[in-house]
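A, B, ... follow the sequence lines: proteins, then strands. Residue 1 opens every chain. Hydrogens, waters and symmetry mates are skipped; everything else that's a heavy atom, side chains included, is used. Computed from a predicted model, the values in this text were never measured in an experiment.
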Number of protein chains: 4
Amino acid sequence: MARGINKVILVGNLGNDPETKYTQGGMAVTTVSLATTSVRKDRDGNNQERTEWHRVKFFGKLGEIAGEYLRKGRQVYVEGSIRYDKFTGQDGQERYMTEIIADEMQMLGSGEGRPAGGPSERSERPASRPAPAQRREPTSSSAPPPMDDFADDDIPF
Amino acid sequence: MARGINKVILVGNLGNDPETKYTQGGMAVTTVSLATTSVRKDRDGNNQERTEWHRVKFFGKLGEIAGEYLRKGRQVYVEGSIRYDKFTGQDGQERYMTEIIADEMQMLGSGEGRPAGGPSERSERPASRPAPAQRREPTSSSAPPPMDDFADDDIPF
Amino acid sequence: MARGINKVILVGNLGNDPETKYTQGGMAVTTVSLATTSVRKDRDGNNQERTEWHRVKFFGKLGEIAGEYLRKGRQVYVEGSIRYDKFTGQDGQERYMTEIIADEMQMLGSGEGRPAGGPSERSERPASRPAPAQRREPTSSSAPPPMDDFADDDIPF
Amino acid sequence: MARGINKVILVGNLGNDPETKYTQGGMAVTTVSLATTSVRKDRDGNNQERTEWHRVKFFGKLGEIAGEYLRKGRQVYVEGSIRYDKFTGQDGQERYMTEIIADEMQMLGSGEGRPAGGPSERSERPASRPAPAQRREPTSSSAPPPMDDFADDDIPF
DNA sequence: TTTT
DNA sequence: TTTT
């Protein structure tokens with residue numbers, strides 16, 4: 001039985017382009033570095049900033065999407081869990097690493113649905129890039145269908 | 001494309017036993033009423049309590065588990081999203097309803113893994129009920145296997 | 001004693017400009033309408049979208065900031081709690097309203113630190129608008145000071 | 001300006017009694033070790049458990065409450081943020097530590113409002129300990145006062 | 001009523 | 001190493 005909740009919610013900017021590797025089985029594993037900055041007043045009344053750099057990992061399908069769409073500087077929402085790892089380095093020393101294992105990701109700001117052109121969104125890209133064409137007629141929030149209309153596993157939003 | 005995050009996290013107690021219905025397709029739909037109480041000081045310095053009653057719905061497999069394990073009074077963690085519904089009553093009046101559509105649930109407190117005995121945990125149960133055995137030898141967080149050991153879709157915790 | 005957790009996390013776009021009112025005591029109360037859209041496949045395999053419109057309220061200092069900086073279309077992060085209200089309309093009918101009471105807000109995307117020029121970011125604004133000038137030398141995450149260096153209420157980030 | 005969200009939500013059990021220290025300024029700093037366990041199926045279809053041990057710190061008033069009420073084994077809800085620290089050990093080696101800086105805490109299960117009797121809830125306590133009195137007559141959610149009734153900083157729940 |  |  002699972003016991004406990006281990007949930008992390010981050011909104012931050014990428015410090016560099018994502019790195020994607022593949023397992024023997026062919027699963028994508030994408031790693032990014034995500035910055036979150038907070039501010040507080042110190043005892044002298046001055047604003048003090050502090051930035052945390054989160055090591056975030058995306059696996060499988062999400063790893064492929066992250067590798068394709070994320071780029072240095074992008075702002076992103078990440079939901080996942082904390083994982084503490086302990087391993088022995090080549091020098092025989094024990095080392096610790098903390099990672100955020102993402103299970104949801106969403107790009108923020110503009111240009112969200114657009115696949116990234118290459119390292120760091122190089123701007124030499126031709127102007128003829130096709131429009132994202134993702135128009136959508138927003139569904140009005142109407143009444144739910146009566147229960148009998150549901151099919152199996154037909155879970156509403 | 002999904003746009004936006006709509007996330008609700010609740011920890012509260014059930015106001016009554018869950019109600020489970022089934023769709024034509026056989027999917028379980030369990031509804032519970034969950035109370036969360038908060039406190040604040042009013043302008044006279046007195047503590048003021050306020051309780052929100054959340055209407056929480058569980059679908060499918062989670063609906064079956066909720067119907068089987070939850071009981072009035074139990075404390076529970078729920079994660080889900082808000083859904084606002086609008087429908088027309090039998091009197092022709094428009095009505096609004098807000099629901100939390102759960103996608104994760106975890107029972108809290110003791111006796112967590114124990115199926116519920118019946119309505120409201122009937123206390124005629126023999127006193128000899130074995131202890132919940134909540135002890136747990138936490139697994140030590142050891143090093144992750146090297147990446148090449150992963151098989152497809154073998155996503156680590 | 002507070003009992004329970006009632007937490008909402010939203011990332012969405014504003015459907016219109018915020019409305020700010022003031023209480024007799026002079027406290028700002030700003031209301032916005034926030035859209036979150038999700039997608040799922042229906043039983044025919046087609047993508048179905050659904051948009052929830054959240055009524056979000058900001059009070060006090062946060063209400064002033066929200067009224068000044070938010071504008072129609074902006075993407076925003078909101079954290080708060082759900083509040084269900086029941087009141088009697090002028091027709092004697094009971095009515096229900098669900099609101100998100102915000103206790104944290106953060107603007108997303110570009111132009112974050114810039115005060116809004118007026119209704120819906122009117123673009124007739126002169127090009128000479130001064131630069132936001134919010135540069136910052138990111139603090140390197142260094143070691144925490146030894147505990148004895150802390151002063152009272154000097155809570156680290 | 002703060003940029004980013006760094007939020008952690010944990011529900012877990014304490015691995016041992018909390019440790020409280022005080023800064024020169026007299027601020028309480030309480031540290032606990034919190035376990036969260038998750039389960040997944042491995043490629044052979046067997047359930048694999050994994051436990052993360054979170055190092056959680058409470059400061060100030062919250063640190064005093066945590067030191068007084070928490071005990072080994074207790075189940076607790078914690079909300080806070082991740083902080084990565086890097087410091088140089090006495091051997092000159094760089095070391096890393098990840099901590100959760102709590103800004104909200106709530107005890108779960110029964111006996112929530114009861115101060116802890118000593119290390120690990122010693123069971124020599126007399127059997128006549130009064131019932132936790134966990135009953136609660138939930139306040140009915142009534143209509144909010146009209147806005148003009150609010151005084152300054154009189155923020156509703 | 002928003003956004004891509 | 002990001003962002004405004």
Requested in this report: Whole angstrom is fine here: how far is it from NZ in Lys86(B) over to C1' in dT1(E)?
Outcome: 13 Å
Report task. Starting from P on dT4(E), measure out to CD1 on Ile65(A) and report it in whole angstrom. Result -> 20 Å
Report task. Starting from P on dT3(F), measure out to CG on Leu108(C) and report it in whole angstrom. Result -> 16 Å
Query raised in the report: Is there a donor and acceptor pair closer than 3.5 Å between the side chain of Ser33(A) and the base of dT1(F)?
Result: yes
Query raised in the report: In whole angstrom, what separates Leu34(A)'s CG from dT3(F)'s C1'?
Result: 11 Å
Query - Whole-Å distance separating the CG atom of Asp17(A) from the P atom of dT2(F) - result: 12 Å
Query raised in the report: Side chains of Asn13(C) and Arg74(C): do they bring a donor and an acceptor to under 3.5 Å?
Result: no
Requested in this report: Report the distance from atom CZ of Arg74(A) to atom C1' of dT3(F), rounded to the nearest whole Å.
Outcome: 12 Å
**Report entry** Under 3.5 Å donor-acceptor pair, Asn16(A) side-chain atoms to dT1(F) base atoms
**Finding:** yes
Report task. Grab the CZ-C1' distance between Arg50(C) and dT1(E) for me, whole Å please. Result -> 16 Å
Requested in this report: Could you please name the option among dT2(E), dT3(F), dT4(E) that lies closest to any side-chain atom of Arg3(B)?
Outcome: dT4(E)
Requested in this report: Return the nearest nucleotide to the side chain of Ala35(A); candidates are dT2(F), dT2(E), dT4(F).
Outcome: dT2(F)
Query raised in the report: Hey, are Lys7(A) and Glu79(A) close enough for a salt bridge, meaning a charged N less than 4.0 Å from a carboxylate O?
Result: yes
Requested in this report: Establish, from distance only, whether the side-chain atoms of Lys41(C) and Asn47(C) form a donor-acceptor pair under 3.5 Å.
Outcome: yes
Report summary line: Of dT3(E), dT1(F), dT3(F), the nucleotide closest to the side chain of Asn13(C) is dT3(E)
Query raised in the report: Any Lys/Arg nitrogen of Asp85(D) or Arg50(A) sitting under 4.0 Å from an Asp/Glu carboxylate oxygen of the other?
Result: yes
Query raised in the report: Atom NZ of Lys72(A) and atom P of dT2(F): how far apart are they, to the nearest Å?
Result: 5 Å
Query raised in the report: Can you list the steps and then say if Thr36(C) with His54(C) is a side-chain hydrogen bond (donor to acceptor under 3.5 Å, both in side chains)?
Result: CA-CA 8 Å; Thr36(C) 60; His54(C) 308 268; 2.9 Å; yes
**Report entry** Trp53(A) side chain, from C-beta outward: closest of dT4(E), dT2(F), dT2(E)
**Finding:** dT2(F)
